Amino acid sequence: MALPPSTANWHWKNKNVTPWAKEWITRELTGLSVSGDKEGETASVSQVTSVEGDVEIGQRKSKLLTIFDCDVRLEWIGTTSSAEEVKGSLHIPEVSHEIICDGLSEFVFQWSLATAPSPEVDAVYKLARTKLQGAIETKLSSLARAIIDTHGKDIQVSGTSTPTNAASGPSTPTVAAAAAAKLAAKPAAPITKAAATPDKAINVSNIVVEATFQASGDDLYSLLTDEKRIPAWTRNSAVSQAKPDTEYSLFGGGVKGKYISLTQGKEIVQTWALSSPKWPSGHAATLTTTLDQGSDSTKVKFSLAGVPLGMEDEIRRNIEGYYTLLTVDTGQTGLGKSTLINTIFASHLIDSKGRFSSDEPVRQTTEIQADSHVIVENGVKLRLNIVDTPGFADQVNNEGCWDPIIKYIKDQHSAYLRKELTAMRDRYIQDTRIHCCLYFISPTGHNLRPIDVIVMKKLSEVVNVVPVIAKADSLTLEERENFKSKIREELIYHNIRLYPFDTDEDEEEEVQLNETIREVIPFAVVGSENNVIIDGKSVRGRKTRWGVVNVEDPNHCEFVHLRNFLTRTHLQDLIETTAQIHYEAFRSKQLLALKEGVNQRPAGGNAQQ
C-alpha cells in the first residue's frame, strides 16, 4: 500500500510570524488612498499607530494553516474639494483568521472624525467610511495568503517515498530511527548550490544529544552509514559510501555533507547542511557521532557544532518533541496480542499474560494492565502507554466481560475532564485517554462471534476501534480474503462504525487514503519477536517445517500496513479524533448532567423550612 507524499508533513509544525505581520500591515495600509466624486476630494491612511496581537502559521497533514488575531489602530487624512484638510482615526478591533478565512463574522470599523464638521468635511468623512474602508478590507483580506506565500516554505517539506526494494533492513521504528535522524528534519528539496559567503560571519551554537540503545556499536554504525540500510529509518533514498572525503546525502537530498573521518563502531565525523531557506547558503555544521558500547547497550552521543543562531529551537524541538499515543489491545487470551505489540515497535515492551502451566489460576474477570514506554523515531519521542486486557472472553459465560474495558476508557476521559475544569489547571495536561483499541479476532475463517459484534459495537462508541485478524498464518490466502470479506459485511450489517472516519475537512488525498485503509481492514497480521535468516538477511518471522513466514513481507501478511497505519499515516489523527469526537461526546454528556443537577437543587438555603 503506497503512502502519499503528505505523510512527510503529517505532524504539526508552527512558526510565529508576528513581527513580520505587524510590519506587513503597517506597510500595506500606510498611504492607501481613494478619491471622491468631486475634484480634489480624497481620503487616505496617514499612518498605522499600533498593531497588537499574535500571528502564526502552522502545518498539519500537508495543510498550511494561518492563526492570527490582531487589533489595528491607524490615523487617516483627507482633503475636501476646497482643499481643506480633514483628520480622523480608525480602530479595527479584530483582524482574524475567523473573519478573513472562515467568514464567521465581519470586520468592525470604528471611525472617528477630529475635524469640525461641515458639509464638505462630512462628504470626506463619508468617503473614508465607504471607499477607503473597502480598500482597507480588501488589503487586509490578503493577509492570510501573504503569510502562506512568505513563510509556508519554512515549515512545509516534501516527502519522496522510498522504493520498496531500497532498504535491506527492517523499516520498523528501531534504534536506527532514533539514532541517525536525531538532528535531521525532512526538508523540501536538495540544497541549492549558491555562492558561498565565507567572508560573512555567521553566529552559531552547538547542540548535544545523548541516548542509549539496545544494540551493538557495530550495528548502529552500519545503520548510520550503510547506503542500503539508511532508507530503513529515513524512509527515503540515500547516498553513502562511508569513506573519508566522500559526499553523502540523506532524506532524498534534504541533508547533505561529506564524511571527514570514520572509525568502525566508534565514531563518525561529517559535515552537515540542512536544505532549508533559513539555513545559510554555503554554511555547513559538523556532526560528530560517538558510540560507546557497554555490556548490553550502546551509548550514542550526537554533537552538532555550527548550528546557526535562531535554528537551535527548531532542531531541538525535533529531538525533544513529544507525541502521545495510548493503545489498548483487546481479544481472547492466546491470540498473540503482546507479541504483535512488541513486533510493531521492534522492542520487548510487554510480556504475555497467558497461562503457561496447568497450576496457574484461571482469571475470573477481565483485568486492566497498563505499561508505559518512550520510543524515539526520527528525532520525535513517542510516549507509548499500552493497556492489555488479560482475561477478556476467557470464561464460559462472558456476559459483561467488556464492562471493565469500557469503564477504564471512560475513567480516563473523566480524569482528563477533572484536570481541565480545575481552576489552577496545568498548562499542559498529561493525556491518559485511550486513542486506539486494537480488537483481535480469532482466525476461525467463518463469521464474527456474537461477543465480537457486541463488544466492537460498544467500544466504537467510546474509542477508535481497529480490528485485526490474529495469527493470520493459520489461514490460506484464499481463506483469509473470504474471512475479511465476511467480517466487513457483518460490520456494515450491524452498523459498527470503525476508525478511520471521514470529515468535511479531509482533502481528496486523505479520503482516498482512508478508503484504501477500509479496503484492508481488518488487518490480517502475524507477529514475531524472533529473527530468522532469509536469503542471508535477518528478518522478523516464524519458521515452520513448511517454510518461513516473514512478518514484514506484504505477500505473507498485512503487518506492515498496520504498522504504517498506527505509527506513520494516522498517528496524530488518532489523537485528534479521540479529542474531537469521543472525548467531546463524553464531555458534553457530563457537563449537561452537571447542569441539570444544579438546576434541580433547591433555590435557597432555607427552601426546606
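Predicted model only: the values in this text are computed from it and were never measured. Values reported hereafter were calculated over all heavy atoms of this structure, with side chains retained and with hydrogens, waters and symmetry mates removed.
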K.L.:
Is it true that a side-chain atom of Glu558 and a backbone atom of Val525 form a donor plus acceptor pair closer than 3.5 Å?
P.N.:
no

K.L.:
Between Asn514 and Phe501, is there a side-chain heavy-atom distance shorter than 4.5 Å?
P.N.:
no

K.L.:
Just do the side chain to side chain contact (heavy atoms under 4.5 Å, CB included) check on Tyr499 and Ile521 with the steps written out, would you?
P.N.:
CA-CA 10 Å; Tyr499 182 88; Ile521 286 178; over 6 Å; no

K.L.:
How about Pro244 and Ile260: do any of their side-chain heavy atoms sit closer than 4.5 Å?
P.N.:
no

K.L.:
Glu247: what forms a side chain to side chain contact (heavy atoms under 4.5 Å, CB included) with it, not counting sequence neighbours?
P.N.:
Lys258

K.L.:
My understanding is that only residues two or more places apart in sequence, or in another chain, count here; which of them pass ring-ring contact (aromatic ring centres under 6.0 Å, His included) with His556?
P.N.:
none

K.L.:
Please check this pair: side chain of Thr577 against backbone of Asp573, looking for a donor-acceptor N/O pair closer than 3.5 Å.
P.N.:
yes

K.L.:
Can you confirm whether Gln293 sits close enough to Lys299 that some side-chain heavy atom of one is under 4.5 Å from a side-chain heavy atom of the other?
P.N.:
no

K.L.:
Is there a side-chain contact between Leu262 and Thr225 in this structure, where contact means two heavy atoms from C-beta onward sitting under 4.5 Å apart?
P.N.:
yes

K.L.:
Please assess Asn550 against Val526 for the test side chain to side chain contact (heavy atoms under 4.5 Å, CB included), listing each intermediate value before the final yes or no.
P.N.:
CA-CA 9 Å; Asn550 181 358; Val526 179; over 6 Å; no

K.L.:
Test of understanding: with ring-ring contact (aromatic ring centres under 6.0 Å, His included), list the residues that count as partners of Tyr259, not counting sequence neighbours.
P.N.:
Tyr248

K.L.:
Checking Val548 now: which residues fulfil side chain to side chain contact (heavy atoms under 4.5 Å, CB included) with it, not counting sequence neighbours?
P.N.:
Val532, Ile534, Lys543

K.L.:
Please report the C-alpha distance between Ile517 and Phe565 in whole Å, then the side-chain angles of each, then the deciding distance to 0.1 Å, and finally whether the side chain to side chain contact (heavy atoms under 4.5 Å, CB included) criterion is met.
P.N.:
CA-CA 8 Å; Ile517 292 293; Phe565 172 77; 3.6 Å; yes

K.L.:
My understanding is that only residues two or more places apart in sequence, or in another chain, count here; which of them pass salt bridge (Lys or Arg N to Asp or Glu O under 4.0 Å) with Glu515?
P.N.:
Arg518

K.L.:
Between Arg542 and Gly527 (side chain of the first, backbone of the second, donor and acceptor by atom type, cut-off under 3.5 Å), is there such a pair?
P.N.:
yes

K.L.:
So do the side chains of Ile148 and Ile57 get within less than 4.5 Å of each other, counting heavy atoms only?
P.N.:
yes

K.L.:
Using side chain to side chain contact (heavy atoms under 4.5 Å, CB included) as the criterion, list what pairs up with Asn531, not counting sequence neighbours.
P.N.:
Ser538, Arg540

K.L.:
Taking the side chain as everything from C-beta on, heavy atoms only, tell me whether Cys436 gets closer than 4.5 Å to Leu566.
P.N.:
yes

K.L.:
Identify, with sequence neighbours excluded, every residue that meets side chain to side chain donor-acceptor pair (under 3.5 Å) alongside Tyr221.
P.N.:
none

K.L.:
With sequence neighbours left out, write down each residue that passes side chain to side chain donor-acceptor pair (under 3.5 Å) with Tyr583, or none if nothing qualifies.
P.N.:
Glu420

K.L.:
Determine whether the side chains of Asn564 and His570 contain a donor N or O and an acceptor N or O closer than 3.5 Å.
P.N.:
no

K.L.:
With sequence neighbours excluded, tell me which residues meet side chain to side chain donor-acceptor pair (under 3.5 Å) with His582.
P.N.:
Asn464

K.L.:
Would you compute the distance between atom OG1 of Thr544 and atom CG of Asp473 and round it to the nearest 0.5 angstrom?
P.N.:
8.5 Å

K.L.:
In chain order, what residues pass the salt bridge (Lys or Arg N to Asp or Glu O under 4.0 Å) check against Asp54, with sequence neighbours excluded?
P.N.:
none

K.L.:
Within the structure provided, determine whether Leu309 and Val204 are in side-chain contact (heavy-atom separation under 4.5 Å).
P.N.:
no

K.L.:
With a 4.0 Å cut-off on N to O distance, would you call Lys484 and Glu519 a salt bridge?
P.N.:
no

K.L.:
Are side-chain heavy atoms of Trp20 and Ile147 found at a separation under 4.5 Å?
P.N.:
yes

K.L.:
Name all residues meeting the salt bridge (Lys or Arg N to Asp or Glu O under 4.0 Å) criterion together with Glu267; count only those two or more places apart in sequence or in a different chain, and write none if there are none.
P.N.:
none

K.L.:
Just to verify, what does Asp411 make a side chain to side chain donor-acceptor pair (under 3.5 Å) with, not counting sequence neighbours?
P.N.:
Lys407

